[in-house]
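A short worksheet on the structure shown next.
Below, each value reflects all heavy atoms present in this structure, side chains not excepted, and no hydrogens, waters or symmetry copies.
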Amino acid sequence: MVPRPSNAQNLSPLRSFNVLGGYSFTSVQFLGKTANSQTQILSFGYQQKIRDYPNQKTLWYTADIIPYLHYQYPKRDEGDRFVRRSGFGFSPVGFMLKKSTSNIVTPFFRTSGGIIYMENEFPTDQSRRLNFTFDVTAGGNLHITPNIFISFGYKFHHISNAQTGSENPGLDSNFLFLKLSLQ
């Protein structure tokens, strides 16, 4: 491990690029009405430092391209037969609050929103291909070198058509993720 200087906030880079992979073992019925889904996600992201705050906290702008989002879920139009649907999209607006510490793992909290285009109407035949997403993420960063770190944590991810389709059952995923970042 590379020790971080006590003034790490002042030395931290202004931007980073990352790749994230995540898996949701099951969905819950919180905002969405579709249960028992399994989901995988792959995204490529960008982060830009916006502002420093007292106590070594920083605010970052985030944006992600999501080339792969895959669901396996019980489709209620087909008697809850499990089907597979994939999509792609982007999340152009996000914010992350990060706290630099002298600990090995530094915590962060993030939220973002975007759109996903699915290969078919999703998750029912009366829904839409174009869906909207938002997520809330909590995790930690583990620095491997001064410019490379691995992040891990939990991401609550909601997808729905925002009442633009005849039906809007939505789906909530609970991702566990790993992310590799380069600063």
Side-chain angles (χ1 to χ4, degrees), residues 1-32 37 39-69 71 87-116 131-160 162 170-183:
M1 290 292 166
V2 176
R4 297 194 64 171
S6 61
N7 61 351
Q9 179 181 0
N10 297 331
L11 299 176
S12 67
L14 300 177
R15 64 188 55 87
S16 69
F17 299 92
N18 61 69
V19 60
L20 176 143
Y23 185 76
S24 174
F25 293 92
T26 188
S27 60
V28 295
Q29 291 178 288
F30 178 58
L31 300 174
S37 171
T39 314
Q40 299 93 40
I41 189 169
L42 174 69
S43 69
F44 298 97
Y46 171 78
Q47 299 176 17
Q48 173 77 44
K49 188 184 216 181
I50 297 174
R51 182 172 181 191
D52 289 322
Y53 290 100
N55 300 321
Q56 296 191 348
K57 293 179 185 164
T58 54
L59 181 65
W60 295 69
Y61 163 77
T62 67
D64 298 295
I65 295 172
I66 306 163
Y68 180 74
L69 184 62
Y71 292 92
F88 64 92
F90 69 103
S91 181
V93 179
F95 297 97
M96 177 177 64
L97 184 62
K98 189 162 63 168
K99 178 166 176 52
S100 295
T101 67
S102 59
N103 297 333
I104 294 173
V105 176
T106 59
F108 68 89
F109 177 79
R110 177 185 166 180
T111 186
S112 65
I115 59 172
I116 298 290
N131 286 272
F132 302 93
T133 67
F134 80 88
D135 60 65
V136 177
T137 305
N141 296 324
L142 175 65
H143 280 264
I144 305 301
T145 71
N147 295 324
I148 299 173
F149 60 92
I150 294 175
S151 302
F152 55 90
Y154 168 78
K155 175 193 290 246
F156 171 81
H157 184 267
H158 177 74
I159 182 170
S160 78
L171 197 147
D172 299 325
S173 298
N174 298 292
F175 287 109
L176 297 178
F177 69 87
L178 278 175
K179 178 170 70 170
L180 176 65
S181 299
L182 303 171
Q183 297 180 330

**OP:** Measure centre to centre between the rings of F132 and F134, then say whether the value is under 6.0 Å.
**Re:** no
Subject >> Trace of the side chain to side chain contact (heavy atoms under 4.5 Å, CB included) decision for T137 with F108 >> reply: CA-CA 8 Å; T137 305; F108 68 89; 4.0 Å; yes
Original post:
Parallel under 30°, tilted from 30 to 60°, perpendicular over 60°: which one fits the rings of H158 and F156?
Top reply: parallel
Original post:
Can you check whether G170's main-chain N or O pairs, donor with acceptor, with S160's side chain at less than 3.5 Å?
Top reply: no
**OP:** Applying salt bridge (charged side-chain N to carboxylate O under 4.0 Å, His left out), name anything that partners K155, two or more places apart in sequence or on another chain.
**Re:** D135
Subject >> Residue pair T62 / W60, side-chain donor-acceptor N/O under 3.5 Å >> reply: no
Original post:
Who passes side-chain contact (heavy atoms from CB on, under 4.5 Å) against F17, sequence neighbours left out?
Top reply: Y46
Subject >> Expected output: side-chain K57 to main-chain L97 donor-acceptor under 3.5 Å >> reply: no
Original post:
Do side-chain atoms of S24 reach the backbone of N174 as a donor and acceptor pair under 3.5 angstrom?
Top reply: yes
**OP:** Apply side chain to side chain contact (heavy atoms under 4.5 Å, CB included) to the pair Q183 and K49, showing each step before the final yes or no.
**Re:** CA-CA 11 Å; Q183 297 180 330; K49 188 184 216 181; over 6 Å; no
**OP:** Report yes or no: does S91 contribute a side-chain atom to a donor-acceptor pair with the main-chain N or O of G113 at less than 3.5 Å?
**Re:** yes
Original post:
If we only count heavy atoms from C-beta on, is the V19 to F44 side-chain gap below 4.5 Å?
Top reply: yes
Subject >> Atom of G140, atom of V105 and distance for their closest heavy-atom approach >> reply: CA-CG1, 3.8 Å
